[in-house]
Amino acid sequence: MQTLTTPPMLIPPMRPESLGVPLIDLKCQHQPIQHKIERAIQSVIQAEDFILGRALIDFEIAFAHASGSHYGVGVGSGTDAIALGLRACGIGQGDEVIVPANTFVATLIGVLQTGATPVLVDCDPNTALIDLMAAEKAITANTRAIVPVHLYGQMVSPRQLLDLAGTYDLLIFEDAAQSHLAEREGYRAGSVGLAAAFSFYPSKNLGALGDGGMVLTQEPHIAETMRSLRNYGAARKYHHIEFGVNSRLDTLQAAVLGVKLPYLPEWNSDRQRVAQHYQTLLAPLAGVGIVPMQNVSGTGHVYHLYVVRVTDDCAIDRSRLQVELETKGIQTGIHYPTPCHLQPAFQHLGYQLGDFPHTEQLCRQVLSLPMYPGLSDVQLHRVAATLATSLNLPLRPICADSVLFSN
Ligand SMILES: *Cc1c(COP(=O)(O)O)cnc(C)c1O
């Protein structure tokens with residue numbers, strides 16, 4: 001009788017990604033509601049209602065209402081929302097617009113597209129938000145507007161903004177691309193200024209399945225101008241009163257966003273849960289140079305990103321730390337590695353290295369840790385534990401899926 005010998009079982013080497021934690025994971029959001037999303041898409045296809053359709057109008061109303069504003073006008077991207085929104089507010093050539101140096105380049109691109117001159121100012125190194133004292137010093141006779149960026153999900157102080165704008169007769173245009181439903185001092189993001197821009201880029205707190213954006217405003221005449229600007233500058237069909245563009249939020253994308261919007265408060269509080277855990281787990285690392293950005297807005301911070309600083313006295317430099325984490329399957333990001341004023345595209349603005357020391361320092365130090373609704377406790381403990389081991393800190397396990405630092 002022939003004996004069958006089973007070949008020795010090959011144990012596959014442990015793949016780092018099997019223990020991996022991505023920076024962002026959209027599956028947790030989409031899987032439970034995929035059938036609803038598909039149904040919403042089907043109904044737009046059936047109605048052949050692709051441009052400025054019913055689902056867009058419904059979503060504009062719903063999102064404006066959720067954000068404590070009156071009118072919503074959907075556009076093709078967050079960048080277009082800034083550019084067209086500022087134009088609808090009357091900003092253009094000859095105007096100076098105050099912008100934080102510490103932001104994503106789209107803020108600056110939006111301002112430049114209006115023909116206005118962006119005037120950059122430094123940030124507060126603890127929050128990464130615009131420094132309003134620096135903003136005040138930058139005001140001239142030509143300053144018309146300030147564009148606060150509610151960065152990483154945290155709002156710039158509405159009270160201080162309104163004070164400054166009131167004193168110097170500036171209009172406030174919020175860049176709320178990272179702060180859907182964020183709150184501070186009783187205000188929601190997008191309800192502080194004359195108008196505000198949102199982005200629905202897929203990884204934002206509320207994301208489409210592609211590009212999208214919206215302008216919110218309390219003013220009917222600004223909403224009306226926006227509706228014309230995004231639609232070839234036509235107040236009504238074939239009647240063009242302004243030099244407009246083609247930038248409408250697709251009805252298909254609006255239908256998807258309309259399905260997702262009711263879940264946003266839940267998703268934002270899940271981000272806050274993750275942030276709170278990080279806060280506790282990372283507290284012992286402050287002494288060795290890993291310092292989380294400050295939350296100065298309490299429960300209103302919606303944590304688009306969870307950002308720490310790798311300070312200059314940290315035993316390991318940021319790029320080495322990032323590689324070390326990557327090899328252990330922990331994905332991180334840098335928001336942002338090069339400040340706007342040092343990007344080759346904006347050299348003509350005349351800024352140079354040293355102009356905004358806090359912004360420049362943050363660009364060298366910031367590191368974004370995995371953050372998304374659905375990130376499990378096991379995963380975030382793994383991130384914290386991997387950070388600690390990369391810094392050669394001893395770990396004391398307290399139970400199967402969690403770990404404490406001993407210091
Ligand atoms: C994402 C983002 C934008 C641009 O939005 P898009 O939809 O990508 O054009 C603008 N400002 C900030 C702060 C952003 O994070």
Side-chain angles (χ1 to χ4, degrees), residues 23-24 26 59 63 67 72-87 97-114 118 120-121 123 127-130 145-156 172-182 189-190 192-193 195-216 226 229-230 245-250 253-254 256-257 260 268 271 293 301-307 333-341 343 345-346 359 362-363 366 368 371-372:
L23 182 60
I24 291 159
L26 300 177
F59 176 65
F63 189 70
S67 303
V73 183
V75 294
S77 70
T79 309
D80 281 357
I82 298 167
L84 299 176
L86 281 169
R87 275 185 62 194
V97 177
I98 293 178
V99 179
N102 190 48
T103 183
F104 181 52
V105 288
T107 315
L108 196 55
I109 291 171
V111 172
L112 284 165
Q113 278 188 43
T114 68
L120 302 190
V121 300
C123 64
T127 61
L129 300 174
I130 187 168
I146 179 166
V147 180
V149 179
H150 304 315
L151 201 69
Y152 305 152
Q154 168 156 249
M155 287 179 73
V156 178
I172 300 170
F173 185 95
E174 301 165 74
D175 180 341
Q178 302 190 358
S179 59
H180 313 67
L181 304 192
V192 181
F198 286 83
S199 165
F200 304 119
Y201 182 86
S203 64
K204 302 287 158 104
N205 290 40
L206 181 62
L209 305 180
D211 277 310
M214 191 174 287
V215 170
L216 296 187
M226 269 305 302
L229 284 178
R230 71 168 169 182
V245 299
N246 175 357
S247 180
R248 299 160 300 219
L249 179 59
D250 287 336
Q253 296 296 353
V256 172
L257 289 163
K260 292 179 75 172
N268 278 346
R271 289 174 183 273
M293 298 308 303
H301 193 324
V302 294
Y303 289 99
H304 172 58
L305 295 167
Y306 189 87
V307 178
I334 295 173
H335 301 88
Y336 297 93
T338 305
C340 291
H341 66 287
Q343 293 284 359
F346 307 121
T359 298
L362 281 180
C363 289
V366 288
S368 306
M371 166 57 83
Y372 50 88

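In each ligand, atom 1 is the first atom listed, and ligand 1 is the first ligand listed. Excluded from the calculations below are hydrogen atoms, water molecules and symmetry mates; all remaining heavy atoms, backbone and side chain alike, are included.
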Under 4.0 Å from any heavy atom of Thr107, which atoms of ligand 1 are there?
11 (N)

Ligand 1 atoms nearer than 4.0 angstrom to some heavy atom of Val149 are 13 (C)

In terms of ring plane angle, is the pair Phe200 and His180 parallel, tilted or perpendicular, where the classes change at 30° and 60°?
tilted

Indicate whether the side chain of Thr107 and that of Asp175 have a donor and an acceptor atom separated by less than 3.5 Å.
yes

At what distance is the nearest protein heavy atom to atom 11 (N) of ligand 1, and which residue and atom is it?
Asp175 OD2, 2.8 Å

I need the nearest protein heavy-atom contact for atom 15 (O) of ligand 1: residue, atom name and distance, please.
Gln178 NE2, 2.8 Å

Atom 1 (C) of ligand 1 has as its nearest protein heavy atom Lys204 NZ, 1.5 Å

For residues Gln113 and Thr79, determine if any side-chain heavy atom of one lies less than 4.5 Å from a side-chain heavy atom of the other.
yes

Kindly indicate, with the supporting measurements, whether the criterion side-chain contact (heavy atoms from CB on, under 4.5 Å) is fulfilled by Val149 and Gln178.
CA-CA 8 Å; Val149 179; Gln178 302 190 358; 5.7 Å; no

How about Tyr152 and Tyr306: are their ring centres within less than 6.0 Å of each other?
no

If only side-chain N and O atoms count, and only distance matters, is there a donor-acceptor pair under 3.5 Å linking Thr359 with Asn102?
no

Ranking Ala177, Ser203, Ser199, Ala106 by closest non-hydrogen atom to atom 12 (C) of ligand 1, top hit is Ala177

I'd like to check Pro118 versus Val97 (side-chain heavy atoms, cut-off strictly below 4.5 Å). Are they in contact?
no

Has ligand 1 got any nitrogen or oxygen that is less than 3.5 angstrom from a nitrogen or oxygen of Gly78?
yes

Is any N or O atom of Asp211, backbone or side chain, closer than 3.5 Å to an N or O atom of ligand 1?
no

For the 3.5 Å polar cut-off, considering only N or O atoms, please tell me whether Tyr201 and ligand 1 meet it.
no

List every atom of ligand 1 that sits less than 4.0 Å from any heavy atom of Thr79, numbering the atoms from 1 in the order shown and giving each element.
4 (C), 5 (O), 6 (P), 9 (O)

